[in-house]
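To start, the structure itself, in structure tokens.
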Amino acid sequence: MALDAPPTLQGQHVLLCVCGGIAAYKAAELVRRLRDAGADVRVAMTENATRFVGTATFQALSGQPVRTSLWDAQAEASMGHIELARWAQRVLIAPATADMIAKLAHGFADDLITTLCLATDAPLTVAPAMNHRMWAHPATQANVATLRARGVRLLGPMDGPMAEPESGPGRLMEPDDIVAALAQVRA
Ligand SMILES: Cc1cc2nc3c(=O)[nH]c(=O)nc-3n(C[C@H](O)[C@H](O)[C@H](O)COP(=O)(O)O)c2cc1C
């Protein structure tokens, strides 16, 4: 029996946006898997994400500088956020917090990642991770419905044990599955 071909993102420019949730540590593995699949990866983090994982981890794994702020004087001398938004062929937000999903649904542009998401033509894929009650909250569900209606692809969240410890839908989809799903996105 022939094996399925592995997902490939060969030569694709993937902008990985990491938000401030416990699952931020899994985004480090995600960078590895994206690169294994052939992607050229750049990482942007929210300021809150840096409370969970340091920029050095993502810089080492992606082989690229990591941006965390819109107000980086050196990068913005050449409008770096617009360059990054144009560079991206796929934008992946993983993990996506409830906060980020709300901001995206309402078109905010008050930090680097929300601004990049408005400034790019690349398809947006969002992999949420949060407490299951945050996920089930009507506000979050309404925001998710808004994003879906706009053509944003949602991956997960998955059901299972959480860090709290509690159980329910809210876990980040496994990195391999995110990579496989991203490879299917038409860029
Ligand atoms: C220990 C800790 C863990 C958190 N985990 C999550 C999480 O998994 N998902 C989530 O949506 N918010 C989580 N939060 C709340 C977010 O950090 C908070 O909403 C923050 O404003 C998100 O910022 P960002 O969206 O700019 O990254 C957590 C907060 C703390 C203190």
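Residues: numbered from 1 along the sequence shown. Computed from heavy atoms alone, side chains included, the values below leave out hydrogens, waters and symmetry copies. Just so you know, ligand 1 is whichever comes first in the structure, and atom 1 is the first atom listed for that ligand.
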Please determine if Asp40 and Arg35 form a salt bridge, counting it only when a charged side-chain N lies under 4.0 Å from a carboxylate O. no
Between Glu83 and Arg42, is there a salt bridge with N-O shorter than 4.0 Å?
-> no
Those residues at least two apart in sequence (or on a different chain) that pass side chain to side chain contact (heavy atoms under 4.5 Å, CB included) with Leu118 are Ala109
Q.
Donor-acceptor pair, distance only, cut-off 3.5 Å: does the side chain of Asn143 make one with the backbone of Ala139?
A. yes
Contact set, ligand 1, heavy-atom distance under 4.0 Å, ordered by chain/number, equals Cys19, Gly20, Gly21, Ile22, Thr46, Asn48, Phe52, Thr97, Ala98, Asp99, Met100, Ala129, Met130, Met134
Residues at least two apart in sequence or cross-chain that pass side chain to side chain contact (heavy atoms under 4.5 Å, CB included) with Ala136, listed by chain then number, are none
Here the side-chain hydrogen bond (donor to acceptor under 3.5 Å, both in side chains) pairs for residues 56-66, sequence neighbours left out, are none
